[in-house]
Asker: 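Can you keep this structure in mind? I'll have questions shortly.
We use all heavy atoms of the structure for the numbers below, so side chains are in, but hydrogens, waters and symmetry mates are not. FYI, the numbering just counts along the sequence from 1.
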Amino acid sequence: MKTLKLMMYAVIATAMVALAQAQDNRTIRIATEGAFPPWNAVDTSGNPVGFDIDVGAALCERAELDCEFQTQAWDGIIPGLTVGKYDAVMAGMSITEKRKQVIAFSNPYALTSNYFVVRKSLDLPALDDSVRIDLSSETEKGKRALQALKENLKGTTIGVQGSTNAEAFVQAHLSDEVEIRTYDKQDNLNLDLVAGRIDGGLADFSVWKAFLESQDGASAELYGPRISGGLFGPGVGIGLRKEDTALASKFNTAIKSIIADGTLETISLKWFGTDVVPQPSDN
């Protein structure tokens, strides 16, 4: 009887080791939207490209994981994760409390970088764009930068896309200083900005990038410091199933590593032309 029990324990132990090895060696499937450049897009060959994909490749190499990307429509990207269609999501997805009720997130690998863009013809007083307004920490420098921003934009008409964090920010902090105009689409906001029907707007830098690089965007410019934290959330993270704590740990260690050695900054500059890397204190 004892011999039989020992044999059973040995079989169970072997099976557990085999299962663990299979989990360690499995290919990690990472979903991305493929329709949100420069975060993610699809090239002419149908392959995912963009900031998310380059960061994912760097993280998987650092964590010694075998990974592959696949595209998934945005509306189904979280349900697909929860049912096991893939193991992670990297799609420019902001970390929010609502999403955290359903899935887990890694530490942020990018900050949401919200900027005002204004018409150059306004000739507004210069602001120190090296100071960051972090709504989560509210440093004295940040408070002074926000106050200067409010004073310089006073009397202008500012556009925002409706039902966004940008609209919430302008309503909360500038409603007494500026006229707020809401839009159903960012493209319509851009058209009014070019036509001079509004003086400026607030949106994430990734939304502004293509516009500012276009012929129409030549009449506009970034204005003031980067705004992040608070209602904008802690940043963009990797979406994961809540039970995949070991995978989350590997990704978090890899994120710290590529921040420390400058790899993440290099990828950020490649795709955005600016630094969207979280600072050590942000993690």
Side-chain angles (χ1 to χ4, degrees), residues 33 35-40 51-52 74-75 77-78 89-103 105-118 129 131-139 142-143 145-147 149-150 153 156-190 192-193 198-212 220 222-239 268 272 274-279 282:
E33 184 185 10
F36 189 41
W39 292 88
N40 53 81
F51 175 75
D52 287 319
W74 179 256
D75 288 347
I77 209 161
I78 289 180
V89 172
M90 294 185 70
M93 183 183 287
S94 297
I95 301 167
T96 67
E97 291 303 316
K98 183 177 181 179
R99 288 173 180 151
K100 285 168 66 176
Q101 294 176 9
V102 181
I103 62 173
F105 281 95
S106 70
N107 291 338
Y109 62 87
L111 290 179
T112 49
S113 306
N114 303 275
Y115 285 92
F116 280 93
V117 163
V118 300
D129 57 10
V131 177
R132 299 177 179 180
I133 297 176
D134 184 345
L135 300 174
S136 299
S137 61
E138 295 187 347
T139 63
K143 290 178 181 178
L146 179 56
Q147 184 59 37
L149 184 65
K150 292 166 67 173
L153 290 177
T156 62
T157 300
I158 299 297
V160 288
Q161 188 172 354
S163 302
T164 63
N165 289 333
E167 180 188 23
F169 173 85
V170 174
Q171 291 284 2
H173 295 280
L174 283 88
S175 58
D176 293 337
E177 285 77 21
V178 306
E179 178 184 344
I180 303 170
R181 194 168 298 173
T182 58
Y183 292 83
D184 58 341
K185 297 179 180 179
Q186 183 70 27
D187 287 346
N188 292 333
L189 186 160
N190 295 348
D192 273 6
L193 181 57
I198 59 175
D199 299 308
L202 177 67
D204 188 87
F205 178 78
S206 63
V207 175
W208 288 125
K209 187 175 187 294
F211 168 70
L212 291 172
L222 291 175
Y223 185 70
R226 185 179 80 185
I227 306 169
S228 61
L231 57 83
F232 291 106
V236 172
I238 304 170
S268 171
F272 297 113
T274 191
D275 180 5
V276 301
V277 178
Q279 297 303 300
D282 297 321

Asker: Closer than 3.5 angstrom, by distance alone: can the side chain of N114 be matched with the main-chain N or O of I227 as a donor-acceptor pair?
Answerer: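 Yes.
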
Asker: First locate atom OG1 of T96, then atom CG of L231, and finally report the distance between them rounded to the nearest 0.5 Å.
Answerer: 12.5 Å

Asker: Just so I know, are the side chains of L189 and I198 near enough to count as touching, which here means a heavy-atom distance under 4.5 Å?
Answerer: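 Contact flag for L189/I198 side chains = yes.
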
Asker: For T157 and D199: C-alpha separation, side-chain torsions, deciding distance, then whether side chain to side chain contact (heavy atoms under 4.5 Å, CB included) applies.
Answerer: CA-CA 5 Å; T157 300; D199 299 308; 3.8 Å; yes

Asker: Calculate, to the nearest 0.5 Å, the distance between atoms CG and NZ belonging to L174 and K150 respectively.
Answerer: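 Here the rounded value is 6.5 Å.
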
Asker: Could you grab the distance from atom CD of Q161 to atom OG1 of T182, nearest 0.5 Å is fine?
Answerer: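 Rounded to the nearest 0.5 Å, the CD-OG1 separation comes out at 10.0 Å.
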
Asker: For the residue pair F211 and Q186, establish whether any side-chain heavy-atom pair is separated by less than 4.5 Å.
Answerer: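 No; the side chains remain at least 4.5 Å from each other.
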
Asker: Please report the closest heavy-atom contact between P108 and P278, naming both atoms and the distance.
Answerer: O-CG, 3.5 Å

Asker: When you measure from the side chain of R99 to the backbone of F105, do you find a donor-acceptor pair of N or O atoms at a distance under 3.5 Å?
Answerer: no

Asker: By the salt bridge (charged side-chain N to carboxylate O under 4.0 Å, His left out) test, which pairs, at least two apart or in different chains, include something from residues 200-209?
Answerer: K209-E213

Asker: Taking N40 for the side chain and A35 for the main chain, is one N or O donor matched with an acceptor at less than 3.5 Å?
Answerer: yes

Asker: Looking only at non-hydrogen atoms, find the nearest pair between F272 and W39 and report the distance.
Answerer: CZ-CE2, 3.6 Å

Asker: Does the side chain of L153 reach to within under 4.5 Å of the side chain of E177, using non-hydrogen atoms?
Answerer: no

Asker: Side chain to side chain contact (heavy atoms under 4.5 Å, CB included), that's the test. Do I78 and V102 meet it? Break it down for me.
Answerer: CA-CA 8 Å; I78 289 180; V102 181; 4.0 Å; yes

Asker: Minimum heavy-atom separation for D52 to G92, with atom names?
Answerer: OD2-N, 3.0 Å

Asker: Using atom types as modelled and distance alone, determine if a side-chain donor or acceptor of S113 lies under 3.5 Å from a backbone N or O of L111.
Answerer: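 Flag set: sc S113 to bb L111 pair under 3.5 Å.
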
Asker: Are W74 and M93 packed together at the side-chain level, in the sense that at least one heavy-atom pair is separated by less than 4.5 angstrom?
Answerer: yes

Asker: Rounded to the nearest 0.5 Å, how far does CG of N165 lie from CG of L202?
Answerer: 10.0 Å

Asker: To the closest 0.5 Å, what do you measure between CD1 (I133) and CZ (R226)?
Answerer: 11.0 Å

Asker: Once ring-ring contact (aromatic ring centres under 6.0 Å, His included) is applied, what residue pairs with a partner in residues 171-190 remain, sequence neighbours excluded?
Answerer: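 Non-adjacent pairs meeting ring-ring contact (aromatic ring centres under 6.0 Å, His included): F169-H173.
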
Asker: About how many Å separate CG of N190 and NZ of K185, when rounded to the nearest 0.5 Å?
Answerer: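 Answer rounded to 0.5 Å: 12.5 Å.
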
Asker: Can you tell if the side chain of D134 reaches within under 4.5 Å of the side chain of T139, non-hydrogen atoms only?
Answerer: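 SC-SC contact between D134 and T139 ruled out.
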
Asker: For R132 versus D275, what's the shortest heavy-atom pair and its separation?
Answerer: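 Taking R132 first and D275 second, the nearest heavy atoms are NH2-OD2, 3.7 Å.
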
Asker: Looking at V276, is its backbone amide N or carbonyl O close enough to the side chain of S268 to form a donor-acceptor pair, meaning the two atoms are under 3.5 Å apart?
Answerer: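 Yes.
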
Asker: Evaluate L222 against D129 for side chain to side chain contact (heavy atoms under 4.5 Å, CB included), listing each step before the verdict.
Answerer: CA-CA 9 Å; L222 291 175; D129 57 10; over 6 Å; no

Asker: Side chains of V118 and T156: does their closest heavy-atom pair fall under 4.5 Å?
Answerer: no

Asker: Would a distance-only check, ignoring hydrogens and angles, find a side-chain to backbone donor-acceptor pair under 3.5 Å from S136 to G229?
Answerer: no

Asker: Looking only at heavy atoms, which two atoms of I95 and S106 are closest? And how far apart?
Answerer: CD1-O, 3.8 Å

Asker: Answer yes if the ring centres of F116 and W208 are under 6.0 angstrom apart, and no otherwise.
Answerer: no

